[in-house]
Amino acid sequence: MKSLEELKKIREEAKKKVQLRHDSDGTRIVVGMATCGISAGARPVLMTLLEEVNKRNLSNVMVNQTGCIGVCRLEPIVEVYRPGEEKVTYVHMDSEKAKRVITEHIVNGNVVTEYTVGAYEK
Amino acid sequence: MDFYRAHVLICGGTGCTSSKSDQIEEKMKQKIEEAGLDKEVMVVRTGCFGLCEAGPIVVVYPEGAFYSHVGLEDVDEIVQEHLLKGRIVKHLLYKGAKEEDIIKSVNEVNFYKKQTRIALKNCGVINPEDINEYIAVDGYMALGKVLTEMTPTEIIDVIKESGLRGRGGGGFPTGLKWNFCAQAQGDQKYVICNADEGDPGAFMDRSILEGDPHCVIEAMAIAGYAIGADQGFIYVRAEYPIAVQRLEIAINQAREKGLLGKNIFSSDFNFDIEIRLGAGAFVCGEETALIASIEGERGMSRNKPPYPANKGLWGKPTLINNVETYANITKIINKGPKWFRSIGTEKSPGTKVFALGGKINNTGLVEIPMGTTLREVIFDIGGGIPNGKKFKAVQTGGPSGGCITADYLDTPIDYDSLTALGSMMGSGGMIVMDEDNCMVDIARFFLDFTVEESCGKCTPCRIGTKRMLEILEKITSGKGELKDIEKLEKLAANIKTSALCGLGQTAPNPVLSTLHYFRDEYEAHVIDKKCPAGNCKALLAYNIQEDICKGCTLCAKNCPVGAISGEAKKPHSIDQDKCIKCGACMEKCPFNAIKLG
């Protein structure tokens, strides 16, 4: 080890790996992964979300899965919880939509209204 | 680097490994692969979670679901339900010692709520065999900081200000010890880690080495820089194979990353560590005996002074600290002495790890701020006494400590208050006893251990403790006389003042403290020839209560020595001379007609 900077670099890289195990007050993205969700294609959505979060080095963002959210006809469903904001529910998701949610909502903080359950139900 | 959405942590401490956690890990990996989840879910083998009673333990993050008593047959369900479908497997979740405590997340477990983890901070959180996971939780930052920003004197001042005292048991101020060693003259100096944990019932050092070996390595390097040493030794028992293996892995990884070796952080500081295996002798935990053992001599203690700080390993100035002491160092450097002082009490800052054992629901490792009361540890964290029995006493400090009774349960735990009660901190074994434990027998148990482990160099310890043990055996076998109690007291006082090392000087403590608090039990054994706790076999008699006995003959048929006689359908009786007190009759009697007394 040559310098503190070198150590810090390793730390930043390694931190992503263990962050999941600590309490965090960051963003949680939850994918419905019950039978209905999986058969509607939730798995590629989940994988895309994971890839995007990793690629963009988003710290403090957790991708998680949950059981049946209850509106099976709207699956795949993705819910986003951000501290201090109301929960946003995205429906009929796919990989492309997932990418947009990451860039617009998670990175820039703008909800992608057209994918939300509210827009769909109108 | 791969990115995972879930982490499955499996306890790889000695306790859980012996209940097959290694096989659980293997099967978990296999099932995860079969389910096609190996790119999403990471399996990590960690160190001890502390709640050994509930092992094998599996924790799934990010939910923090805390699964206990996991068997091989449960692995598939965890993979299918939790990992694949996101449904927590409720029936496998840890249920606290209290019924209402059906717990979900690891943070909600009562056992952990009252704990403050400093020494055990990373145990059960990181993979001890991966240096990157240690670096992720600020590992080696303290070493980097001292080498690039601090002088040796500044480090020693920080340790002094923190008020840290030796966690091996004696409680000597750590900063002062470092200072003595830094000031000692010598061309070569050494740093030793005492990992020869020999107290019956204590295993915190093992768990730290197994769960977070790098924190000890890092602290030893810091100590080396502070006192001017370039070589360290970890003296660890050969009976701790997992700890030894993980230490070896950790030392190699640290060398590969240049965190041990030459010119660390481009400074002119060189430091390396070697492991020395001990053969598991209690006396080798005493520092001068430990040093003799590393030198290749027989492990026997010598007179102090000179202290190891001046004349230690091969006659050179040597700093020797225990595992848990080192485990506090990096956190003090990173967070500062004020932070450390804000935890614990004024004279004993920080935390202490205890190994809870005996008659208690949650056996395992707990780390509490100093000043927490014995009651909180035993009843809130430990979950109280099993089977509705009554608390009788708690033994702290191993063979060097003593018993503390229910009257003192509200005593805050620190070095001085435990000593004031005739016990001591020791390494931190805490053995809880209920009404079924005989205190004379407990004293006998610890004396038996001391006699076995005495190195034999000095007469008071070699012969004196043996005589004490003989008297205790005489009392528990019902042949004791009143003057034996006097003899015990006299011997104890003599050994305390005349033995060579700490082992001998403290060996009478279990006898003295039980005599102090439970003299009536000794007297019952000697005068009434009775063991009030119903523990000492020689003093018990099985009796058939005539009014309850229906004469079913079942007891007579089951007695292995034919000590029971009587006609069918009439009350039976036991010949006390023939009876071997095996208890088979009482077990078989369908009417509960046989009583111990």
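Reckoned from all heavy atoms, side chains included, excluding hydrogens, waters and symmetry mates. Numbers restart at 1 for each chain; the letters A, B, ... are given by sequence-line order, proteins then strands.
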With chain A, which of [options] has the greatest number of heavy-atom pairs at distances under 4.5 Å?
options	answer
Lys145(B), Arg87(B), Glu40(B), Lys257(B)	Glu40(B)
Thr148(B), Ile264(B), Leu83(B), Asn263(B)	Leu83(B)
Asp130(B), Asp138(B), Ile126(B), Val137(B)	Asp138(B)

Check this for me, if you would: do Lys9(A) and Glu5(A) make a salt bridge, where the nitrogen-to-carboxylate-oxygen distance has to be below 4.0 angstrom?
no

If you measure from the Lys or Arg side-chain nitrogens to the Asp or Glu carboxylate oxygens, is any gap between Glu129(B) and Arg246(B) under 4.0 Å?
yes

At a 4.5 Å cut-off on heavy atoms, which part of [X] comes close to chain A: side chain, backbone, both, or neither?
X	answer
Met42(B)	side chain
Leu37(B)	side chain
Leu9(B)	side chain
Val44(B)	side chain

Name the member of Ile38(A), Leu50(A), Val63(A) that forms the most heavy-atom pairs with chain B at distances under 4.5 Å.
Leu50(A)

Identify which of Arg43(A), Glu6(A), Lys8(A) forms the greatest number of heavy-atom pairs closer than 4.5 Å to chain B.
Arg43(A)

Please verify the inter-ring angle class for Phe269(B) with Phe271(B); under 30° counts as parallel, over 60° as perpendicular, anything in between as tilted.
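Ring orientation, 0 to 90° scale: parallel.
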
Tyr90(A) and Tyr115(A) aromatic ring geometry - parallel, tilted or perpendicular at 30°/60° bounds
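If you compare the ring of Tyr115(A) with that of Tyr90(A), the planes turn out perpendicular.
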
Is there a side-chain hydrogen bond (donor to acceptor under 3.5 Å, both in side chains) between Thr330(B) and Glu218(B)? Walk through the geometry before answering.
CA-CA 7 Å; Thr330(B) 52; Glu218(B) 186 184 358; 4.7 Å; no

Around Glu86(A), counting heavy atoms of other residues, nucleotides and ligands shown, do more than 12 lie under 6.0 Å from its CD?
no

Quick one: what part of Leu49(A) sits under 4.5 Å from any heavy atom of chain B, side chain, backbone, both or neither?
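Leu49(A) has no heavy atom closer than 4.5 Å to chain B.
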
Under the salt bridge (charged side-chain N to carboxylate O under 4.0 Å, His left out) criterion, do Glu104(A) and Arg100(A) qualify, and how do the steps go?
CA-CA 6 Å; Glu104(A) 293 185 22; Arg100(A) 238 188 102 188; 2.9 Å; yes

